[in-house]
Amino acid sequence: MRAEFDETLVTGNELIDSQHKELIERINLLLKSCEDAQGKVKAVKMLDYLLDYTEFHFSAEEKLQEEISYPGLKEHREKHEEFKSAVKELQEMLEEEEGPTETFVAQVQKNVVDWLFTHIKGFDRSVAEYKFLTSNADRL
C-alpha cells in the first residue's frame, strides 16, 4: 500500500505542495516499515518522524494563513489538532501492540492517508484559492 501525490492534491502553492509531497513520503516510509515487518521499533521511529514533520508543516500552513488573514484559520487549526490527536492515538496503539498489526495499518490508512487527502483537497485547496484571489483581486 502506498499513498501517491497526484494532480488532485495540487493546491497551487509551491511551498505547501512540496511539503505535502514530503509528508506523503514520510507516510509511505511508515507504511513500508509495517509491510516489511521491520518491527515495532522501526514503526515507532517512522511514526515519530511523521509526527515531527506534521508539526513543522502545520506550523508553516498556519503561518501562511495568518499572513493572508485567512478567515477559516481557527477551523483549520482545529482540523490540524484533530490529525495530531489521531497520530498520537496511533502511537499509543503501537506501544500497546507487539508491532504494526493489520488493524494498525488500517488505522493509518483511515486516520492518516484518507484524512490527509480529504484535508488537502478541501481545506488546503481553499486556502490556496483564497490566497490567489486576494493576490489577484485586480484581475477579477
Side-chain angles (χ1 to χ4, degrees):
M1 172 184 348
R2 279 188 52 84
E4 297 291 336
F5 186 91
D6 62 28
E7 67 276 350
T8 67
L9 299 174
V10 173
T11 66
N13 181 294
E14 287 183 40
L15 174 67
I16 299 303
D17 287 341
S18 68
Q19 289 181 3
H20 286 159
K21 288 176 187 174
E22 177 66 22
L23 197 52
I24 289 168
E25 279 308 307
R26 290 182 186 224
I27 291 167
N28 285 329
L29 289 172
L30 171 61
L31 292 170
K32 184 172 178 2
S33 73
C34 295
E35 289 171 357
D36 292 348
Q38 294 177 8
K40 182 176 176 177
V41 173
K42 181 73 172 180
V44 167
K45 182 179 175 185
M46 290 297 101
L47 197 53
D48 289 345
Y49 184 62
L50 173 63
L51 188 57
D52 286 346
Y53 194 79
T54 299
E55 294 278 351
F56 167 76
H57 169 65
F58 287 169
S59 176
E61 274 192 359
E62 291 168 11
K63 183 177 183 217
L64 170 68
Q65 291 174 48
E66 287 171 0
E67 289 171 359
I68 64 171
S69 300
Y70 181 65
L73 174 60
K74 181 178 182 255
E75 185 180 9
H76 206 125
R77 267 196 183 120
E78 290 169 359
K79 291 295 179 185
H80 287 169
E81 290 304 316
E82 240 178 57
F83 182 82
K84 289 188 274 190
S85 291
V87 173
K88 288 176 183 170
E89 286 175 18
L90 286 169
Q91 286 176 314
E92 291 170 12
M93 182 180 188
L94 197 53
E95 293 287 327
E96 294 170 4
E97 304 287 333
E98 290 185 24
T101 62
E102 286 183 25
T103 303
F104 175 81
V105 173
Q107 289 300 309
V108 169
Q109 180 66 43
K110 176 184 170 197
N111 296 330
V112 175
V113 178
D114 295 348
W115 184 96
L116 182 65
F117 283 24
T118 299
H119 182 78
I120 291 170
K121 292 174 184 180
F123 280 86
D124 290 348
R125 186 167 288 147
S126 69
V127 172
E129 289 170 359
Y130 179 83
K131 183 179 186 307
F132 177 80
L133 288 172
T134 57
S135 300
N136 295 287
D138 58 322
R139 291 178 163 182
L140 302 176

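The basis for the numbers below is simple: all heavy atoms, side chains too, and nothing from hydrogens, waters or symmetry mates.
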Results of side chain to side chain contact (heavy atoms under 4.5 Å, CB included) for [X] - residues two or more places apart only:
X: Asp52; value: none
X: Thr103; value: Met93, Thr101
X: Glu66; value: Leu73, Arg77
X: Glu67; value: Lys63, Leu64

Over all atoms of both residues, closest heavy-atom pair of Tyr130 and Ser69:
OH-O, 3.4 Å
What's the spacing between [X] [atom1] and [Y] [atom2] if we round to 0.5 Å?
X: Glu22; Y: Ile24; atom1: CD; atom2: CD1; result: 10.5 Å
X: Tyr49; Y: Lys42; atom1: OH; atom2: NZ; result: 9.5 Å
X: Leu30; Y: Ser33; atom1: CG; atom2: OG; result: 5.0 Å
X: Glu55; Y: Leu50; atom1: CD; atom2: CG; result: 10.5 Å
X: Glu7; Y: Leu9; atom1: CD; atom2: CG; result: 8.5 Å

Should Lys32 and Glu35 count as an ion pair when the cut-off is N to O under 4.0 Å?
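Here Lys32 does not pair with Glu35 in a salt bridge, since their nearest N and O are not under 4.0 Å apart.
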Under 4.0 Å between a Lys/Arg side-chain N and an Asp/Glu carboxylate O for Lys88 and Glu92?
no
Please list, chain by chain and in numerical order, all residues satisfying ring pair (Phe, Tyr, Trp, His ring centres under 6.0 Å) with Phe56, sequence neighbours excluded.
Tyr53
Decide if atom CD of Glu78 counts as having more than 12 heavy atoms of other residues, nucleotides or ligands within a radius under 6.0 Å.
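Above 12, so yes.
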For residues 116-127, which side-chain N or O atoms pair as donor and acceptor with protein atoms under 3.5 Å away, sequence neighbours left out?
from   : atom 1 : to     : atom 2 : distance (Å)
Thr118 : OG1    : Asp114 : O      : 3.0
His119 : NE2    : His76  : NE2    : 3.1
His119 : NE2    : His80  : NE2    : 3.3
His119 : NE2    : Asp124 : OD1    : 3.3
Asp124 : OD1    : His76  : NE2    : 2.9
Asp124 : OD2    : His20  : NE2    : 2.9
Arg125 : NE     : Val10  : O      : 3.4
Arg125 : NH2    : Thr8   : O      : 2.4
Arg125 : NH2    : Val10  : O      : 3.2
Ser126 : OG     : Tyr70  : OH     : 2.9
Ser126 : OG     : Gly122 : O      : 3.4
Ser126 : OG     : Phe123 : O      : 2.7

So which of Leu15, Leu23, Asp17 actually passes side chain to side chain contact (heavy atoms under 4.5 Å, CB included) with Gln19?
Leu15
